[in-house]
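Only this structure's heavy atoms are used, side chains among them; waters, hydrogens and symmetry mates stay out. In the text below, chain A, chain B and the rest are named by the order of the sequence lines, each starting its count at 1.
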Protein chains: 2
Amino acid sequence: MARKSSAVDPLRLDNQICFAVYSATHAFNRVYKPLLDRLGLTYPQYLVMLVLWEHDDVPVKEIGEKLFLDSGTLTPLLKRLEAAHLVKRTRSSEDERQVLIALTPQGHALKEKARSVPQSILAASDCSVSELVAMKDEIVALRDRLNAVIGE
Amino acid sequence: MARKSSAVDPLRLDNQICFAVYSATHAFNRVYKPLLDRLGLTYPQYLVMLVLWEHDDVPVKEIGEKLFLDSGTLTPLLKRLEAAHLVKRTRSSEDERQVLIALTPQGHALKEKARSVPQSILAASDCSVSELVAMKDEIVALRDRLNAVIGE
DNA sequence: AAACATTCAATTGCGAACAATTAAATGTGA
DNA sequence: TCACATTTAATTGTTCGCAATTGAATGTTT
């Protein structure tokens with residue numbers, strides 16, 4: 001019998017979509033790094049800022065739901081953003097369990113400096129916008145199917 | 001003038017392919033977690049084992065090139081795999097700068113227990129193999145274009 | 001051979017990411 | 001109201017991931 005062809009060997013690294021996604025994440029990170037250094041942000045911090053630029057004064061929980069992150073990740077990250085004077089953390093008076101995250105004026109202002117970032121990423125992707133949108137939608141659909149399995 | 005439509009706002013979280021990829025990586029990780037717990041591996045450790053199951057007795061450098069990871073990540077990870085008796089680390093006699101990583105008998109044997117993992121991931125993806133292969137190829141192509149920009 | 005540069009792994013320090021636990025606030029049922 | 005469960009952040013401990021540096025081994029140039 002012939003050996004199993006490498007093209008269909010399910011344990012082969014190159015055949016694994018998860019590794020493709022995993023390594024693409026790191027590649028994106030490396031492209032973002034120099035751009036975000038100029039803003040004084042890491043990539044996860046940038047994601048939190050994106051959430052806040054859309055909708056300010058939200059509880060930690062809501063940020064976590066949007067980014068699929070928990071308080072173990074967010075609490076120290078938000079403290080660093082607070083130390084950088086980009087956000088303010090205050091206990092909600094209506095529900096004292098919640099901590100509300102609000103942008104400072106500097107946090108608001110940083111949005112202007114961030115506007116050039118997506119354009120730089122698009123250029124690095126070397127790909128049309130419509131292709132990227134199509135890929136994005138496929139990946140999001142896959143992610144949502146995976147997340148659905150976890151909740152079972 | 002009308003406000004910029006959210007569908008084309010480049011700073012909107014939902015419009016960012018990088019966030020799609022980033023969050024899909026975490027979703028994959030959460031699906032892998034219970035499967036890999038049974039093997040006593042984390043996901044990055046599983047990737048190293050995939051490399052070694054394909055080609056044994058390789059220097060750290062080569063593992064790093066295949067996984068896009070550096071010694072700062074791999075050295076402690078490989079020490080943990082050695083502590084788990086899955087690999088052996090030995091200085092090369094031809095070039096004493098290199099550390100060669102070889103599977104132990106237990107490391108080899110673990111491949112059999114790992115064979116069911118890809119099937120479980122495929123099931124969780126809830127998607128045809130051909131669709132996944134097409135997505136994987138697109139993502140790899142994007143990753144390689146991003147990595148090409150970094151080297152400039 | 002001697003001086004210099006390069007390669008390779010290890011180390012240090014920092015920032016995620018997450019499981020598990022804790023503590024306080026809130027909600028619910030008897 | 002009192003007991004109990006739930007919700008929310010914070011905390012602790014482990015493992016990545018990477019930049020920057022170190023130190024030893026190897027190459028290269030003259």
Nucleotide C:dT7, atom C1' - distance to NZ of B:K61 in whole Å
7 Å

Beyond-backbone contact of A:Q119 with B:P10, side-chain heavy atoms, under 4.5 angstrom:
no

Looking at A:R91 and A:E96, is any side-chain nitrogen of the basic one under 4.0 Å from a carboxylate oxygen of the acidic one?
no

B:V51 and B:L100: same hydrophobic cluster, using ILVMFWY side-chain contacts below 4.5 Å?
no

Do A:V140 and A:L47 belong together in a cluster built from hydrophobic side chains that touch within less than 4.5 Å?
no

Student check: side-chain heavy atoms of B:H55 and B:V58 closer than 4.5 Å
yes

Find the distance A:Y32:OH to D:dC18:C1' and express it as a whole number of Å.
18 Å

Whole-Å distance, B:E65 CD to C:dA9 C1', equals 14 Å

Nearest-angstrom distance from the residue atom NZ of B:K33 to C1' of C:dC18
8 Å

Kindly give the atom pairs (protein nitrogen or oxygen, nucleotide nitrogen or oxygen) under 3.5 Å for nucleotides 10-16 of chain C.
| from | atom 1 | to | atom 2 | distance (Å) |
| --- | --- | --- | --- | --- |
| C:dA10 | OP1 | B:R89 | NH2 | 2.4 |
| C:dA10 | OP2 | B:T75 | OG1 | 2.8 |
| C:dA10 | N7 | B:S71 | OG | 2.7 |
| C:dT11 | OP2 | B:K79 | NZ | 2.6 |
| C:dA16 | OP1 | A:T42 | OG1 | 2.4 |
| C:dA16 | OP2 | A:Q45 | NE2 | 2.7 |
| C:dA16 | OP2 | A:R80 | NH1 | 2.9 |
| C:dA16 | O5' | A:R80 | NH1 | 3.4 |

Quick check: do B:L13 and A:E54 have side-chain heavy atoms less than 4.5 Å from each other?
yes

Taking only the side-chain heavy atoms of B:L69 (C-beta and beyond), determine which of D:dA9, C:dC18, D:dC18 contains the nearest atom.
D:dC18

Does a side-chain heavy-atom distance below 4.5 Å link B:Y46 with A:Q16?
yes

Pair B:R143-A:Y22, side-chain contact (heavy atoms from CB on, under 4.5 Å): steps then yes or no
CA-CA 10 Å; B:R143 176 199 72 197; A:Y22 168 92; over 6 Å; no

Separation of atom CZ in A:F28 from atom C1' in D:dG17, rounded to whole Å
18 Å

Rounding to an integer number of Å, can you tell me how far A:Q98 CD sits from D:dT6 C1'?
14 Å

What is the distance, to the nearest angstrom, from the CG atom on A:D37 to the C1' atom on D:dA20?
13 Å

Polar side chain donor-acceptor pair, B:E131 to B:S128, under 3.5 angstrom:
yes

Using rotation axes that map the C1' atoms of four end pairs onto the next four (five pairs an end), what angle separates the end axes of the helix from C:dA1-D:dT30 to C:dA30-D:dT1, to 10°?
20°

Using whole Å, report how far CZ of B:R30 lies from C1' of C:dA17.
10 Å

Can you check nucleotides 24-26 of chain D for protein contacts, nitrogen or oxygen pairs under 3.5 Å, and list what you find?
| from | atom 1 | to | atom 2 | distance (Å) |
| --- | --- | --- | --- | --- |
| D:dT26 | OP1 | B:E96 | N | 3.2 |

Close side-chain approach of A:L11 to B:P118, heavy-atom, < 4.5 Å:
yes

Any sub-3.5 Å donor-acceptor pair from B:Q45's side-chain atoms to B:L81's backbone N or O?
no

